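Scope of the values below: all heavy atoms of this structure, side chains included, with no hydrogens, waters or symmetry mates. Predicted, not measured: the structure shown is a model, and the values here were computed from it.
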Amino acid sequence: MAAINAVTLLLTSLHEVQRARVEREERANLWPIEELPDDARSVISGKMRELMTYARKIARTKVNVLITGESGTGKEILARAIHDFSDRAAKPFVPFNCTAIPRDLLESQLFGHRRGAFTGADRDQLGLIRSARDGTLFLDEIGELGLDLQPKLLRFLESGEIAPLGEPASLTIDVRIVAATNANLEDAVRAGRFREDLFYRLNVVRLTIPPLRERRDEIPAFVNHFAARAAEEFTKGQLRVADETMERLLLYRWPGNVRQLQNEMRRMVALAEPDATLLPHAISEEILGALPIFRPTPADGSEIAIGLRDKLAPTIARVECEMIRAALRSHGGKVDAAAKALGISRKGLYLKRQRLGV
């Protein structure tokens, strides 16, 4: 009996080791685990993987980084990765949205103040810059920073000095700035809403995150990741995403990007039975109603029908091809207007036409 128990224990241990090895290899195929910061493990592949590789290269330098992209694309994830890859990783990472508080309080929040510096200042305030000392300060929505504060931020970027309200002398602080925006700062500079010298000071290295609709190859990994994480949070056991459900999620445009996808998966999992399979009817009506395959095809040819049993890659290529042709027809062959209507850049449209032969 002792021998049998020992053999059983050995076989069980071998099985666990084999399962752990398989899981480790699967994770490594998505992202090399030793290279991925803890807060960025939801970033899987594709364009974000390229950006992570680039972020790793620049992380140990002190160049300022400007991250651009639509809301919800993962700008803070990329900023955290830059911090975690750098030699400042053990120091604070302080995120701040420049639209989070009223503009008249923004200076105090950024640079700090002494007690009695103004009416209502009943205690000393370090400010975000001093709170992030020796670490990284992530300024999201930097394009919304008022013109009155932009010179003070520029001075800090140039000299490392800040002048908290009520302090008799300037202070020198070592902080790395990573800024982000979903606005076009070049347009803001031309319109006089953003200082040109501050723009060039921030825009030393620019990382642009494409919207999720241009990174559809990442959607399945995001879906499985968010579903698994929500299932663990809500104690739903082992949930599975049906192939038909994945097909519908792949075809949606996701205007809210990764954040919207994450919220949708949390909603689906919250309403699911434990250990269930997430079927297409679990998707919200808002998303299902936006998919052309679930509505009658109009006679004017503005929509196309797609077979759910077709292969994914050629189906997506066909959809892209037809949408490009329709956009070019609608705008009289004008490439700039067609690209804007499709929500992509002129270069992106050119590359897609080359690849698809349109």
Side-chain angles (χ1 to χ4, degrees), residues 22-23 26-27 29-31 41-49 72-74 210-299 301-326 342-343 352 355-356:
V22 171
E23 290 179 355
E26 288 176 352
R27 289 195 301 267
N29 286 335
L30 293 175
W31 186 271
R41 292 193 180 172
S42 60
V43 181
I44 306 298
S45 59
K47 182 62 177 178
M48 282 299 290
R49 183 167 184 163
T73 50
L212 190 58
R213 61 183 172 273
E214 297 179 19
R215 298 152 46 199
R216 294 184 189 273
D217 57 321
E218 299 177 38
I219 290 178
F222 275 125
V223 168
N224 290 324
H225 173 78
F226 292 142
R229 195 162 70 178
E232 182 179 357
E233 179 185 352
F234 301 142
T235 321
K236 295 290 185 173
Q238 297 294 320
L239 295 180
R240 178 180 171 274
V241 180
D243 292 342
E244 295 84 355
T245 306
M246 187 68 77
E247 288 174 354
R248 286 157 174 78
L249 295 174
L250 275 165
L251 290 171
Y252 185 58
R253 287 181 59 81
W254 299 109
N257 295 294
V258 179
R259 186 181 295 123
Q260 183 188 8
L261 175 58
Q262 181 179 13
N263 291 338
E264 177 65 15
M265 295 311 301
R266 284 174 57 81
R267 188 197 65 81
M268 291 170 64
V269 171
L271 297 175
E273 295 295 326
D275 300 313
T277 297
L278 299 177
L279 298 173
H281 65 75
I283 302 173
S284 63
E285 290 296 328
E286 175 190 359
I287 293 176
L288 289 178
L291 297 176
I293 54 176
F294 299 107
R295 290 182 274 118
T297 303
S302 61
E303 296 180 0
I304 60 173
I306 299 170
L308 293 180
R309 299 187 183 279
D310 295 344
K311 296 293 184 183
L312 184 60
T315 300
I316 291 177
R318 177 190 166 204
V319 171
E320 289 186 325
C321 200
E322 293 300 325
M323 288 182 68
I324 290 172
R325 289 196 179 103
L342 291 168
K352 284 183 181 294
R355 176 169 57 85
L356 299 170

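A pairwise comparison of heavy atoms in Thr245 and Leu278 identifies OG1-O, 2.6 Å as the closest pair. Between Ala231 and Gly237, the shortest heavy-atom distance links the atoms CB-O, 3.6 Å.
Between the CG atom of Leu356 and the CD1 atom of Ile316 there is a distance of 11.5 Å, given to the nearest 0.5 Å. In this structure, CG in Leu249 is found 13.5 Å from CZ in Phe222, a value given to the nearest 0.5 Å. One distance of note links OG1 of Thr315 with CD of Glu320; it measures 11.5 Å at 0.5 Å rounding.
Here salt bridge (charged side-chain N to carboxylate O under 4.0 Å, His left out) pairs that include residues 274-289, with residues two or more places apart or in two chains, number zero. Judged as a ring-ring contact (aromatic ring centres under 6.0 Å, His included), not a single pair has a partner in residues 269-291 (not counting sequence neighbours). Identified under the ring-ring contact (aromatic ring centres under 6.0 Å, His included) test for residues 256-276, with sequence neighbours left out: none. The salt bridge (charged side-chain N to carboxylate O under 4.0 Å, His left out) analysis of residues 254-264, with sequence neighbours excluded, yields the pairs Glu264-Arg267. Under the ring-ring contact (aromatic ring centres under 6.0 Å, His included) criterion, the residue pairs touching residues 243-262 are Tyr252-Trp254, with sequence neighbours excluded.
Without hydrogens or angle criteria, Asn257 side chain to Pro211 main chain gives no donor-acceptor distance under 3.5 Å. Arg253 places no side-chain N or O within donor-acceptor distance of the main-chain N or O of Arg213, the cut-off being under 3.5 Å. No donor-acceptor pair closer than 3.5 Å links the side chain of Lys236 to the backbone N or O of Glu273. Although no hydrogens or angles enter the test, the distance criterion places no donor-acceptor pair under 3.5 Å between the side chain of Arg216 and the main chain of Leu212.
At a threshold of 4.5 Å between non-hydrogen side-chain atoms, the residues Val258 and Thr73 do not count as touching. Leu250 has its side chain within reach of Pro220: a pair of non-hydrogen atoms, C-beta onward, lies under 4.5 Å apart. A heavy-atom distance below 4.5 Å is found between the side chains of Phe226 and Arg229. Using a 4.5 Å heavy-atom threshold, the side chains of Arg248 and Ile287 count as separate. When side chains are defined from C-beta on, Arg355 counts as touching Lys352, because their heavy atoms get closer than 4.5 Å.
A salt bridge between Glu218 and Arg215 is present, with a side-chain N of the basic residue lying under 4.0 Å from a carboxylate O of the acidic one.
Remark: Glu233 engages Arg266 in a salt bridge (Lys or Arg N to Asp or Glu O under 4.0 Å) (not counting sequence neighbours).
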| message | Before you tell me yes or no, could you show the steps for Ile283 and Met268 under side-chain contact (heavy atoms from CB on, under 4.5 Å), namely the whole-Å CA-CA distance, both residues' side-chain angles and the distance that decides it to 0.1 Å? | response | CA-CA 7 Å; Ile283 302 173; Met268 291 170 64; 4.0 Å; yes
